[in-house]
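Because the structure is predicted, anything quoted here is derived from the model rather than measured. Counting from 1, the numbers follow the sequence of the chain as shown.
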Amino acid sequence: MPAADLVLTGAQVRTLDPACPTASSVAVHDGVITVVGGEADVRDWRGPGTEVVDLHGAHLVPGLVDAHSHPVWGLDMATGTDLSGVTDLAGLRATLARAERTEGWVLGHGLDHNAFGGRSIRHDLIADVLDGAPAFLRLYDGHSALASAAALAAAGVSGPRAFAQHAEVVCDTAGRPTGHLVEHAAMDLVAGIAPRPSYDQRRARLLELLSAMAATGLTGAHVMDGGDLDLVEAVARETVLPLRLRFAPWCMPGADDDALRELVRLQVRGGRHWLVGGVKFFMDGTVEGGTAWLEHPDCHGQGTAAFWPEPRAYAEAVRALHTAGVRTATHAIGDAAVRHVLDTVASLGPSGRGAHRIEHIETAPDELLPRFAELGVAASLQPPHTGYTRDDGTDEWSRRLGGDRAARAWRLRDLREAGATVALGSDWPIAPYDVRAVLTTARRPKGAAARRPGLTPLQALEGCTSHAAAAAGESGVAGRIAPGCRADLTALTVDPVHASADELAAAPVALTVTGGHVVHRGA
């Protein structure tokens, strides 16, 4: 019997394994849990090289996972001045006036649509404080941006453009760009020429970010983009990634057979603590940007178009990848988008059960909820997003949808009670990555969702453990503390099931273990 690499003792273990619900000790060898039980059960696993950690009564749970995050792509997105604290136009102007320049550019991220107070998003609102500098400011949703006149000129954008996906260079009645760029293809026109961090900067920031995420208790993330796989591969060869990363590269409208075959080929890529395990689609955009696909227009008459101009082409691409054994995740915020994805999975027949998931699901009518369980489609939601809305309905999200649809916001508890797998995430850098905030806002939603019931504490914990594992098709090896499962473990100083939301939000993290490696130790 080989000696354990790591033995944890003195813990209050919540295993989420029905065969052994509680324990006090865990032994790990070669990144895998070998023993779960009491002190006597792990005693013989100790050897000269075994690291033994006494957790002094800390609460050990399966490793917490962010089921929707962008830690690699977000390195570029979260560049420049953090605008997340800006609440109005005056504050935006003041922040930009003192913002640092990067190679002569003013870059910013995290800008809340509500800061414009219902005004159209236009570069003339900020032009005088920029002194002619090119500026590229990403709005918080990641699906829209504001570019200054100088930035548009540098990118050669002087009028409307046509795109293969639902995207827009917003123009005034004279055909002049206002600076508002909606969706990825439009934003990329300017993002492609704006300064970006160097390779060395991105490498350092990646490790710093993953270490900070691990300090909140995270052991893994479902990465909903392709990121920079070469960067990740290089870093993973040099050191231990603090988080286990599972990538789902994007499939965009216009993808031909060659593009689909390349996505299938990517599924073999991986290394220690990272792999490519799926493909990400977009069925729509965002409510605030007017690009969520809705069954009825929003208050501005927008929201009636899918991200894929031919929704049938999306269904055909999903079918092709499904036939090749590739799991899919689809961004679907509006009710029409959610319905189309469910219909697409239904068309796959019984073989589609358990292999696909929907991301976001910000508004959905009653009749769609039971279909998640019926079709085996996992629901992946991000509770911190509720913080961008207001309980009085004065926010942009609520105004655009109107009362009835806003009342169906983030139906976490309804989906669980309908039998769905409900995985939870942050969508960093759209919202903060602290997994304790994910757990607490799942229990106590904010804003438009505040009047809806949140998840129970156990359901919230499952959303970042066993349900996150199920959404990734990993229930056999993750989401539980049991022999044969991966040694991804989180130790908190409070019981995440019995502690109040406020206690959990501020709870110190005693230990984070990823793949048997201690990647964070509490003070």
Verdict with reasoning, T394 to D392, per side chain to side chain donor-acceptor pair (under 3.5 Å): CA-CA 6 Å; T394 60; D392 64 0; 2.7 Å; yes

Option passing side-chain contact (heavy atoms from CB on, under 4.5 Å) with S426 (candidates D66, V435, L218, D434): D66

Working for salt bridge (Lys or Arg N to Asp or Glu O under 4.0 Å), residues D76 and R202: CA-CA 8 Å; D76 287 336; R202 296 174 74 246; 3.4 Å; yes

Sub-4.5 Å side-chain heavy-atom contact between L16 and L458: yes

Any donor-acceptor N or O pair under 3.5 Å, side chains Q382, H360: yes

Working for side chain to side chain donor-acceptor pair (under 3.5 Å), residues D141 and T286: CA-CA 7 Å; D141 63 356; T286 66; 2.8 Å; yes

Donor + acceptor pair across side chains of R357, H222 (<3.5 Å): yes

Residues S500 and D502: side-chain donor-acceptor under 3.5 angstrom: no

Donor-acceptor side-chain pairing of H467 and T421 below 3.5 angstrom: no

Any donor-acceptor N or O pair under 3.5 Å, side chains R400, Q302: yes

Ring geometry between H340 and W293 (parallel below 30°, tilted from 30 to 60°, perpendicular above 60°): tilted

Heavy-atom neighbours of D256 CG exceed 12 at 6.0 Å: yes

Test item: side-chain donor near acceptor, E359 and H68, under 3.5 Å: yes

Residues Y140 and E288: side-chain donor-acceptor under 3.5 angstrom: yes

